Structure formats: C-alpha cells, structure tokens
Amino acid sequence: MTRRDFTGLAVTAPLAAQTKTALRIIDPHVHVWTHDPRYPWVKETTSPPKEDATPEMLLKLMEANGVSHTVIIQFIGYRWDNSYARDSIRKYPGKFLGVCRVNPESPGAPDDLSKLVKQDGFRGVRISPGANASGDWIGGPLMPPLWRRTQELQVPMTVLTSTSRLPQVGKLVEQFADLDVVIDHMADCPLDRPEELKKLLDLARYPRVFVKVSHTWSISKQEYPYRDTHAQVKKLYDAFGPQRLMWGTDWPLVERNCGYAKALALVREEMGFLNDEDKRWMLARTIERVWRFG
C-alpha cells in the first residue's frame, strides 16, 4: 500500500461534494503517529504501524473533504506518552484538540490528567478496559478518583470498550452526573446480539452520554455502505437522538477499510433515515457540545 493509497488522497469525489452542502464538519476521532526517534514506541508496541500518520497528511485529507477541525485521540502505540499528540496540536493551533491517555491502574492517574489538561492543553481522557480480566480495573477503586478529577477539570471521559463493560460504565456515569462521557465506535456491538445492544441503549437514560457512530465496517458482514448496520444505527438514533450521536473516521485505520471520504459519505449520504438537521448535529453540533473549538 502506498502512502497515497493509505491517506486516501487519490480520492477526488469529496472535492465535488464540497459544492453540494455547506454543512460544518468536525471529525472527533483520528490518530497520529510517526517513525521518529524523538517519539519512541513503547516496549509493548512490538509491531508498530509501517506507515506514518502525521498531522500534515491529515490536514490534506481534511481540506479535500471539507473538514474544518479534528479531535486527535492518543494512539495506544505510545500508551501514556502523549508527547506526539501534544506537539501535533501545538504545531497547528486551532485545527486540533486532543484526548490523552493516562495509566488507569496507577494511583497517580488523576494528577497525571491534571497536568496533561492544565499544562499540555488536552481536552479529555480516554480509557480502554478490555473485555477479559485485563480490564477488570474498570470496576476497581482507582476509577472513581479518575472520573472525579475528569469531572472537576470539565473535560470529557472517552471510553473504548466492549458491550460487556457497559453496565460498569453506567455505574460510574451515575456517580458523576456532570461529566460528559463518549462511547467510542458504538462499543462495536455485534449485529446478531440484541441483548448486547440493549446495554448500550440503556445508557441513553443518562443525558450526558454520547455515542460515536463509527467502525461500522468492523461489525458489518457486507461491503460499503454496510447496510446491514443501518438498522442498529437507527436504534441508537431513536434512543439517543442526533444531538448525542457523532460520526468519526478513526483515521488512519479507516483507510484499510472504506477510506476517509466514504466514512463521511456514510453519514452524509447513505443513511436514509437522517435528515439535514440530523446531519448537522452528527457531523458537527454534537461534537461541539463535547469539544468546543471556539
């Protein structure tokens, strides 16, 4: 795969699409990384990505697709070293906001988060409890202090997890009602497990829980536009409303699937139950409720 293929810059359709709509578009889920000794991979990253995913590559894609701003989510390959995301945001002020990672199994995580927010300018934190025993910390004693500090800092908590962990997430949401909580990638809920989808739908009763409508390729059994996933998205739409749903590309990982432009078209053009006002929310307004770009 060439760099041109990986970034999707060969796609010309979005340039024409810009004339079709004046919708404001913000991408709330991208990653950046680089092969640079100043930003070393952590020891746990035994097979780092072969291609770079730099902010410069991302900015070209944003321009080609009419995307004004993005939220950079700290890449797991760097674990708790948020320096590349921080430096990328500082290099292009006004274009990016950042969501950091802290070690959820460290008692020092709340203070680490305070530094990352107050000194480094991050606007949120992400946790990723696994479905197996490695993620049991989500129900442990270190979570309330981290969630409390996140609420005090007035930044969102972003959660990447499976549906099996959502009841535990719900218990934390109940304790911290003034905290915005974003569930990434619809918790990758399997299409053939309605009982698992119910765990996500149950979170709709909390008014500050938001869901990213993304990663549909990971649960679909079909080719783009993944029509077998649309009914599940519609159930989320009915439960949360467009004001608490947001799209997201998961760039650059999206390039191994449908590509950046089609990830946008999926919401803007392919989901027939969405009207223009819904799209305004899901493509920008909902995101601005959580991340304020100014």
Side-chain angles (χ1 to χ4, degrees), residues 28-55 57-58 70-91 96-147 149-150 153 155-162 165 168-169 172 181-185 187-188 212 214-215 218 248-256 291:
H29 198 108
V30 302
H31 306 283
V32 293
W33 60 70
T34 186
H35 291 77
D36 186 323
R38 293 176 298 171
Y39 306 102
W41 305 108
V42 294
K43 63 181 181 180
E44 292 87 353
T45 305
T46 56
S47 298
K50 295 180 180 179
E51 298 280 349
D52 280 353
T54 67
M57 296 161 68
L58 177 58
T70 66
V71 179
I72 293 175
I73 309 293
Q74 166 71 355
F75 177 50
I76 190 63
Y78 294 126
R79 290 181 73 84
W80 327 127
D81 180 358
N82 295 269
S83 57
Y84 186 61
R86 177 202 63 204
D87 291 350
S88 297
I89 294 163
R90 288 178 175 176
K91 189 174 182 180
F96 306 129
L97 292 180
V99 171
C100 64
R101 285 182 179 269
V102 295
N103 183 353
E105 297 182 89
S106 167
D111 291 339
D112 293 338
L113 179 59
S114 290
K115 175 181 180 296
L116 287 160
V117 171
K118 294 178 179 180
Q119 298 183 26
D120 294 341
F122 282 94
R123 298 301 302 162
V125 62
R126 190 193 206 194
I127 59 172
S128 306
N132 59 23
S134 69
D136 285 349
W137 48 260
I138 186 66
L142 295 179
M143 280 295 96
L146 178 59
W147 284 59
R149 185 67 59 86
T150 307
L153 292 167
V155 297
M157 171 70 71
T158 302
V159 183
L160 172 67
T161 194
S162 67
R165 294 292 185 185
Q168 291 171 298
V169 172
L172 288 161
V181 178
V182 182
I183 306 299
D184 282 342
H185 308 320
D188 282 326
K212 287 179 185 168
S214 52
H215 259 218
S218 71
T249 61
D250 198 15
W251 184 82
L253 302 179
V254 69
E255 301 302 340
R256 300 168 188 167
W291 290 285

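Source: prediction; values computed, not measured. In what follows, every heavy atom counts, from backbone to side chain, and hydrogens, waters and symmetry copies are set aside.
- Formation of a donor-acceptor pair under 3.5 Å by the Ser134 side chain with backbone atoms of Gly130 is not found in this model.
- Here the shortest heavy-atom pairing between Pro144 and Pro141 reads CD-O, 3.6 Å.
- Within the 3.5 Å criterion, the main-chain N or O of Phe96 finds no donor-acceptor partner in the side chain of Thr70.
- Arg165 and Asp136 are joined by a salt bridge, as a carboxylate oxygen and a charged side-chain nitrogen come within less than 4.0 angstrom of each other.
- Here Arg123 contributes atom CZ and Leu153 contributes atom CG; the two are 8.5 Å apart, rounded to the nearest 0.5 Å.
- Here the shortest heavy-atom pairing between Pro252 and Ala53 reads CG-CB, 3.5 Å.
- Pro104 places a side-chain heavy atom less than 4.5 Å from the side chain of Met143.
- In this structure a side-chain-to-backbone donor-acceptor pair under 3.5 Å is missing from Gln74 to Ala85.
- We find the CD1-OG distance between Ile73 and Ser128 to be 10.0 Å, quoted to the nearest 0.5 Å.
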Give the intermediate values and the outcome of side chain to side chain contact (heavy atoms under 4.5 Å, CB included) for residues Ser114 and Arg149. CA-CA 8 Å; Ser114 290; Arg149 185 67 59 86; 2.8 Å; yes
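- Looking at Ile138 and Leu172, their side chains come closer than 4.5 Å, going by heavy atoms from C-beta outward.
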Test side chain to side chain contact (heavy atoms under 4.5 Å, CB included) on Val99 and Trp291 and set out the steps. CA-CA 10 Å; Val99 171; Trp291 290 285; 3.8 Å; yes
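- Donor-acceptor pairing under 3.5 Å is recorded for the side chains of Asp188 and Ser218.
- Within the 4.5 Å cutoff, the side chain of Val181 has heavy atoms near those of the Val159 side chain.
- One side chain, Asp87 or Tyr39, offers a donor N or O that lies under 3.5 Å from an acceptor on the other.
- How far CD1 of Ile127 is from CG of Asn103: 12.0 Å, rounded to the nearest 0.5 Å.
- Asp36 is not listed as a side-chain neighbour of Tyr84, based on a closest heavy-atom distance of 4.5 Å or more.
- In this structure, Val125 and Val117 have side chains that are not in contact, with every pair of non-hydrogen atoms separated by 4.5 Å or more.
- In terms of heavy-atom proximity, Leu113 sits nearest to Cys100 at CD1-SG, 3.6 Å.
- When every heavy atom of Val32 is checked against every heavy atom of Ser88, the shortest pair comes out as CG2-OG, 3.9 Å.
- Ser106 OG to Leu142 CG: the interatomic distance, rounded to the nearest 0.5 Å, is 7.5 Å.
- With respect to Arg126 and Asp184, a salt bridge is recorded, a charged nitrogen being found less than 4.0 Å from a carboxylate O.
- Here the side chains of Asp52 and His35 are in contact, with some heavy-atom distance below 4.5 Å.
- Taking a cutoff of 4.0 Å between a charged side-chain nitrogen and a carboxylate oxygen, Arg101 and Asp81 do not qualify as a salt bridge.
- Taking the six-membered ring for Trp and thresholds of 30 and 60 degrees, Trp33 and His31 have nearly parallel ring planes, at less than 30 degrees apart.
- Within the 4.5 Å cutoff, the side chain of Leu58 has heavy atoms near those of the Trp251 side chain.
- The aromatic rings of Tyr78 and Trp41 lie parallel to each other, with less than 30° between the two planes, well short of the 60° mark.
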Show your reasoning for whether side chain to side chain contact (heavy atoms under 4.5 Å, CB included) applies to Phe122 and Asn82. CA-CA 9 Å; Phe122 282 94; Asn82 295 269; 3.7 Å; yes
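- Looking at Val102 and Leu116, their side chains come closer than 4.5 Å, going by heavy atoms from C-beta outward.
- Taking each heavy atom of Ala131 and Ser162 in turn, the nearest pair found is CB-OG, 3.4 Å.
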Carefully, step by step, assess His185 and Asp250 under the rule side chain to side chain contact (heavy atoms under 4.5 Å, CB included). CA-CA 9 Å; His185 308 320; Asp250 198 15; 3.9 Å; yes
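- Thr45 OG1 to Ile76 CD1: the interatomic distance, rounded to the nearest 0.5 Å, is 7.5 Å.
- Taken from CG in Leu97 to CD1 in Ile89, the straight-line distance is 7.0 Å, to the nearest 0.5 Å.
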